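Model, not experiment: these values are computed from the prediction.
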Amino acid sequence: MSLRERFEEYRQHIRFKDLDLASRAMALLWLDIFRERVVRNCFPRVGSKSLLREVGEIIDSTFLEGYILARAAYDQGTEAYIYSHPDIPGSVEAGVERLRLMYEEEAVQESPFADEPLGVEALAESLIREIAYGPRMIMLEERELLKVHLYYALWAGYKLAGFERKLGGR
């Protein structure tokens, strides 16, 4: 099965609600900060709440697609990956803190997907093109600028799955 086929298969099964509680919390924190940055950079004078909401939804879905891409690239399956346990005091908070530190310590490369398994970089670029030139963004003048930000949202979701692997010792 090719990476694209595995990605499409995983895309049908993995949902945001399937993420571990600590992963979801970290994703929401990261996405809140990132959405604000994108609005500041791409839409500094836009007053349309519906446009900003739609751009936020695009960013969120791109992040999740990055997560799914990583799971598909490493053939991790579609089962929920649980590493924090809400019934153990401090487990979720400790998971969020470890994820936050991993994001902070992540080295920024020239090309984020360059050292990943074969085909990941090409599929990532293809996904970004599909999003940027799809029906939801076709009318945006800021599309090219937003496309750069979407690439990093995809990368951040991809890294979340990698961080989960590290936390789980996989």
Side-chain angles (χ1 to χ4, degrees), residues 1-19 23-76 78 99-100 102-165:
M1 180 182 280
S2 74
L3 177 59
R4 178 65 160 197
E5 292 168 336
R6 196 167 42 249
F7 172 77
E8 293 297 338
E9 169 73 21
Y10 284 26
R11 186 192 253 175
Q12 294 175 12
H13 298 286
I14 298 174
R15 301 286 175 252
F16 188 76
K17 64 179 176 54
D18 298 332
L19 270 65
S23 293
R24 274 186 281 165
M26 188 65 227
L28 290 172
L29 288 170
W30 188 91
L31 285 166
D32 282 343
I33 293 167
F34 191 72
R35 271 189 243 110
E36 287 177 22
R37 183 179 303 147
V38 169
V39 168
R40 247 190 345 266
N41 290 334
C42 298
F43 307 100
R45 293 184 180 83
V46 172
S48 170
K49 298 262 190 236
S50 63
L51 173 65
L52 297 179
R53 185 174 38 255
E54 182 146 357
V55 168
E57 289 170 3
I58 291 169
I59 291 168
D60 294 354
S61 67
T62 303
F63 180 90
L64 183 60
E65 290 207 346
Y67 178 84
I68 294 168
L69 176 59
R71 296 277 303 261
Y74 288 94
D75 201 12
Q76 291 180 292
T78 58
L99 288 172
R100 186 187 65 75
M102 287 178 172
Y103 271 112
E104 286 180 2
E105 293 171 0
E106 179 63 25
V108 177
Q109 304 169 4
E110 283 184 34
S111 181
F113 293 98
D115 296 332
E116 295 304 316
L118 186 63
V120 170
E121 186 174 18
L123 183 53
E125 290 171 1
S126 173
L127 291 170
I128 294 301
R129 274 192 309 276
E130 289 172 17
I131 295 165
Y133 300 109
R136 294 178 81 184
M137 288 182 48
I138 199 70
M139 299 302 286
L140 289 178
E141 292 178 19
E142 300 85 355
R143 181 178 54 222
E144 292 302 317
L145 180 57
L146 187 57
K147 188 168 115 177
V148 173
H149 291 283
L150 292 177
Y151 196 73
Y152 284 99
L154 190 77
W155 175 242
Y158 189 92
K159 292 310 292 181
L160 178 61
F163 297 154
E164 285 180 347
R165 279 194 316 277

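In this structure, E36 has no side chain to side chain donor-acceptor pair (under 3.5 Å) partners at least two apart in sequence or on a different chain. Residues passing the side-chain contact (heavy atoms from CB on, under 4.5 Å) test with M139, sequence neighbours excluded: none. Checked against side-chain contact (heavy atoms from CB on, under 4.5 Å), L51 has the following partners two or more places apart in sequence or in another chain: F43, V46, S48, V55, L140. Evaluation of the side-chain contact (heavy atoms from CB on, under 4.5 Å) rule for D32 yields R35 as partners, not counting sequence neighbours. Here R4 pairs with S2, E8, L123, S126, L127, E130 under the side-chain contact (heavy atoms from CB on, under 4.5 Å) rule; sequence neighbours left out.
Distance check, rounded to the nearest 0.5 Å: CG of L69 to CZ of R11 gives 10.0 Å. Distance check: T62 OG1 to L150 CG gives 4.5 Å after rounding to the nearest 0.5 Å. In this structure, the separation between CZ on R100 and CD on E104 is 4.0 Å, given to the nearest 0.5 Å. Atom CG of L154 sits about 10.5 Å away from atom CD of E125, to the nearest 0.5 Å. Expressed to the nearest 0.5 Å, how far CZ of R129 lies from CD1 of I131 amounts to 11.5 Å. The distance from atom OH of Y10 to atom CD of E65, rounded to the nearest 0.5 Å, is 15.5 Å.
A salt bridge links E144 with K147: at least one charged nitrogen is closer than 4.0 Å to a carboxylate oxygen.
When all heavy atoms of Y158 and A73 are compared, the pair lying nearest together is OH-CB, 3.9 Å. Of all non-hydrogen atoms in P112 and Y152, the two that sit nearest each other are CG-CE2, 3.7 Å. The shortest non-hydrogen separation linking I58 to M137 is CD1-CG, 3.5 Å. Minimum heavy-atom separation, A161 to A70: CB-CB, 3.5 Å. Summarising the geometry of A27 relative to L160, their closest heavy-atom pair is CB-CD2, 4.3 Å, with the distance given to 0.1 Å. In this structure, E121 and Y151 approach most closely via the heavy-atom pair CG-OH, 4.3 Å.
Checked by atom type and distance alone, the side chain of R136 never pairs as donor or acceptor with a backbone atom of Y133 at under 3.5 Å. Y103 places a side-chain N or O within 3.5 Å of a backbone atom of A156 that can act as its donor or acceptor partner.
Heavy-atom contacts from other residues, nucleotides or ligands closer than 6.0 Å to CG of L118 number 12 or fewer.
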Using the rule given for side chain to side chain contact (heavy atoms under 4.5 Å, CB included), can you reason through Y74 versus E116, listing the C-alpha separation, both sets of side-chain angles and the distance that settles it, and then say yes or no?
CA-CA 10 Å; Y74 288 94; E116 295 304 316; 2.9 Å; yes

Please assess E9 against E5 for the test side chain to side chain contact (heavy atoms under 4.5 Å, CB included), listing each intermediate value before the final yes or no.
CA-CA 6 Å; E9 169 73 21; E5 292 168 336; over 6 Å; no

For a side chain to side chain contact (heavy atoms under 4.5 Å, CB included) check, start with the C-alpha distance between L64 and L19, then their side-chain angles and the critical distance, and finish with the verdict.
CA-CA 10 Å; L64 183 60; L19 270 65; 4.2 Å; yes

Side chain to side chain contact (heavy atoms under 4.5 Å, CB included), that's the test. Do R6 and L3 meet it? Break it down for me.
CA-CA 5 Å; R6 196 167 42 249; L3 177 59; 4.1 Å; yes

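Of the candidates I33, V148, L146, L146 is the only one forming a side-chain contact (heavy atoms from CB on, under 4.5 Å) with V38.
Residue pairs meeting the ring pair (Phe, Tyr, Trp, His ring centres under 6.0 Å) criterion with at least one partner in residues 48-71, sequence neighbours excluded, are W30-F63.
Side-chain contact between R165 and Q76 is present, with at least one heavy-atom pair separated by less than 4.5 Å.
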